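Notes for the one structure printed next.
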Amino acid sequence: MGYDLTTRMLHDLAEGAAVLGTGGGGDPYIGRLLVEQEMAAGRGVHIIGADELPDDALVLPSSMMGAPTVFVEKLPSGGGNIAAFRALEKHLGRTAYAVMPTECGGLNSMIPLMLGAQLGLPVVDADGMGRAFPELQMQTFGVLGVPGSPMAIASDHGDVCIIDAGRDNKRMEQLARVLTIEMGGASYISDYPMDTGQVRATSVHGTLTLCRRIGETLRRARAEHADPFDALTSMLASTLYKLGAVLFQGKVVDVERRTVDGFARGRARLEATGGSPGNQLELTFQNEHLVARLDGRVIAIVPDLICTLSTETGAPVPTESLAYGQRLTVYGISTPPIMRTPDALACFGPAGFGLTETYTPLEDLLSHT
């Protein structure tokens with residue numbers, strides 16, 4: 001059943017989205033403030049399941065594009081998302097029934113909530129990543145046959161463009177990336193226009209609610225002085241994701257981070273503290289964490305989720321905030337089956353990022369430790 005989002009739910013959802021952002025996706029704190037601003041003005045956010053959509057509905061996903069590091073220095077205004085959404089409606093000659101996230105991780109969990117409030121439209125409780133990924137073609141939508149084009153892209157300065165790359169979603173990403181860089185490193189987009197059947201068949205269901213449950217779990221664990229990681233592991237066992245586990249605990253001793261071609265790329269190195277096995281863990285990221293290597297051995301790899309959380313509180317720490325001396329817990333989460341098919345792995349598994357390692361499920365890697 002659908003539900004109206006409260007401020008408390010929004011705070012929980014934002015924290016959970018930062019966890020599923022796997023270090024990237026942009027800091028949802030910024031987006032949360034934009035959504036709160038809409039709610040304070042009396043505009044509500046209504047969440048619905050994919051099964052609640054009318055059979056003839058048009059659904060338009062909404063998100064921001066760009067390197068997370070840009071959002072730290074240049075706060076979004078929230079106007080470009082309406083422009084992109086309306087431009088795609090006009091191009092298609094149809095009125096959308098609902099908006100939905102392309103990804104449930106990070107800032108992009110908040111953008112469709114803000115847009116839903118601004119336009120009075122419901123937000124579908126599903127997305128195309130089940131986490132955050134850095135490129136537009138990395139969607140379950142596209143893997144299962146939905147073209148991302150036509151898409152609309154807009155800036156906060158009044159620029160609006162339509163991109164139509166046919167069924168070539170990788171080309172759509174390349175064109176949109178160039179425009180995003182020209183727009184100052186951040187843009188608003190609406191892509192993957194879908195009918196109800198496509199939403200139901202190609203999305204990862206219930207992810208906004210999952211974000212809310214993750215945030216609620218961490219909040220309650222802190223209030224009860226319980227172990228946040230044990231609480232998170234217990235909660236995830238009853239979801240599509242099934243497995244969550246602590247991979248490593250340590251101190252950040254080195255961070256290499258740069259913004260290149262519209263992405264935040266780099267590595268972080270941690271040294272073990274407490275009872276963690278091994279001595280050093282290295283994380284490689286492209287906006288999001290892609291692979292974790294413990295003393296050179298892979299212990300988690302994309303598309304499984306690699307999350308950096310505060311060891312003390314369980315609060316997520318994004319890649320743009322990694323800094324020397326932080327005490328972090330690296331936490332792994334297994335992806336749902338829809339994200340582990342051969343076609344999905346070809347798109348957003350290790351090969352999709354140019355990694356030489358092959359994909360091994362998190363549960364198999366954990367069984368060998």
Side-chain angles (χ1 to χ4, degrees), residues 1-21 24-50 52 61-64 68 71-72 75-82 85 98-127 130-132 156 188 205-226 228 231-232 235-236 239 307 309-310 312-318 320-321:
M1 292 293 292
Y3 59 91
D4 293 321
L5 203 66
T6 66
T7 302
R8 176 71 277 166
M9 289 178 183
L10 176 64
H11 282 239
D12 289 340
L13 198 160
E15 181 163 28
V19 173
L20 294 187
D27 189 347
Y29 172 74
I30 298 168
R32 193 198 83 199
L33 294 179
L34 293 172
V35 179
E36 284 184 331
Q37 181 175 282
E38 297 298 328
M39 294 172 74
R43 292 182 280 272
V45 179
H46 187 64
I47 310 292
I48 63 170
E52 297 176 78
S62 173
S63 61
M64 286 196 74
F71 304 131
V72 176
L75 299 181
S77 72
N81 57 338
I82 296 177
F85 191 86
V99 62
M100 71 179 291
T102 57
E103 60 183 344
C104 63
L107 173 65
N108 275 333
S109 63
M110 299 287 110
I111 297 301
L113 301 180
M114 177 175 61
L115 184 59
Q118 289 170 322
L119 301 181
L121 296 178
V123 182
V124 181
D125 190 4
D127 79 303
R131 46 164 295 159
D156 274 329
Y188 298 89
H205 290 232
T207 46
L208 289 175
T209 297
L210 174 65
C211 288
R212 180 168 60 82
R213 290 183 62 194
I214 289 173
E216 180 182 27
T217 296
L218 293 174
R219 173 171 56 83
R220 288 184 173 178
R222 286 192 286 266
E224 296 167 3
H225 304 289
L232 189 54
M235 187 278 292
L236 287 168
T239 72
C307 313
L309 311 177
S310 165
E312 199 171 293
T313 66
V317 179
E320 65 266 27
S321 298

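Note that the coordinates shown come from a computational prediction; the quantities given were computed from them, not determined experimentally.
For the atom pair CE of Met114 and CD of Glu38, the computed distance is 7.0 Å after rounding to the nearest 0.5 Å. The CG atom of Leu13 sits 12.5 Å away from atom OG1 of Thr7, with the distance rounded to the nearest 0.5 Å. Atoms OG1 and CG, from Thr313 and Leu218 in turn, are 8.5 Å apart once rounded to the nearest 0.5 Å. Here the straight-line distance linking atom CD1 of Ile111 with atom OG1 of Thr102 works out to 10.0 Å at 0.5 Å rounding. Atom CG in Leu232 sits 10.5 Å away from atom CZ in Arg213 (nearest 0.5 Å).
With sequence neighbours excluded, no residue satisfies salt bridge (Lys or Arg N to Asp or Glu O under 4.0 Å) with Arg212. Residues passing the side-chain contact (heavy atoms from CB on, under 4.5 Å) test with Leu119 are Ile82, Phe85, Arg86, Leu115, Leu121, sequence neighbours excluded. Qualifying salt bridge (Lys or Arg N to Asp or Glu O under 4.0 Å) partners for Arg219, counting only residues two or more places apart in sequence or in other chains: Asp12. Evaluation of the side-chain contact (heavy atoms from CB on, under 4.5 Å) rule for Ala50 yields Val124, Val199, Arg200, His205 as partners, not counting sequence neighbours. Residues that satisfy the side-chain contact (heavy atoms from CB on, under 4.5 Å) test with Pro316, not counting sequence neighbours, are Glu15, Ala18, Val19, Leu309.
Shown here for Cys104 and Asp127, the closest heavy-atom pair between the two residues is N-OD2, 3.0 Å. Here the shortest heavy-atom pairing between Pro28 and Ala14 reads CG-O, 3.2 Å. Across Pro112 and Val99, no two heavy atoms sit closer than the pair O-CG1, 3.6 Å.
Counting only heavy atoms from C-beta outward, the side chains of His11 and Glu36 approach each other to under 4.5 Å. Looking at heavy atoms from C-beta onward, Ser321 lies in side-chain contact with Pro318 at the 4.5 angstrom threshold. Inter-residue side-chain proximity for Leu208 and Val123 is flagged as met; some heavy-atom pair is nearer than 4.5 Å. The shortest distance between side-chain heavy atoms of Val45 and Met9 does not fall below 4.5 Å. The shortest distance between side-chain heavy atoms of Met110 and Leu10 falls below 4.5 Å. Two residues are said to be in side-chain contact when any heavy atoms from C-beta on lie closer than 4.5 Å; Leu113 and Ile47 meet this criterion.
With hydrogens and angles left out, the side-chain atoms of Thr209 and Asp125 include a donor and acceptor closer than 3.5 Å.
More than 12 heavy atoms of other shown residues, nucleotides or ligands fall within 6.0 angstrom of atom CZ in Arg8.
Sorted by first then second residue, the side-chain hydrogen bond (donor to acceptor under 3.5 Å, both in side chains) pairs that include residues 104-114, not counting sequence neighbours, are Glu103-Asn108.
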If you apply the rule side chain to side chain contact (heavy atoms under 4.5 Å, CB included), what do you find for Thr207 with Leu20, and how did you get there?
CA-CA 9 Å; Thr207 46; Leu20 294 187; 5.5 Å; no
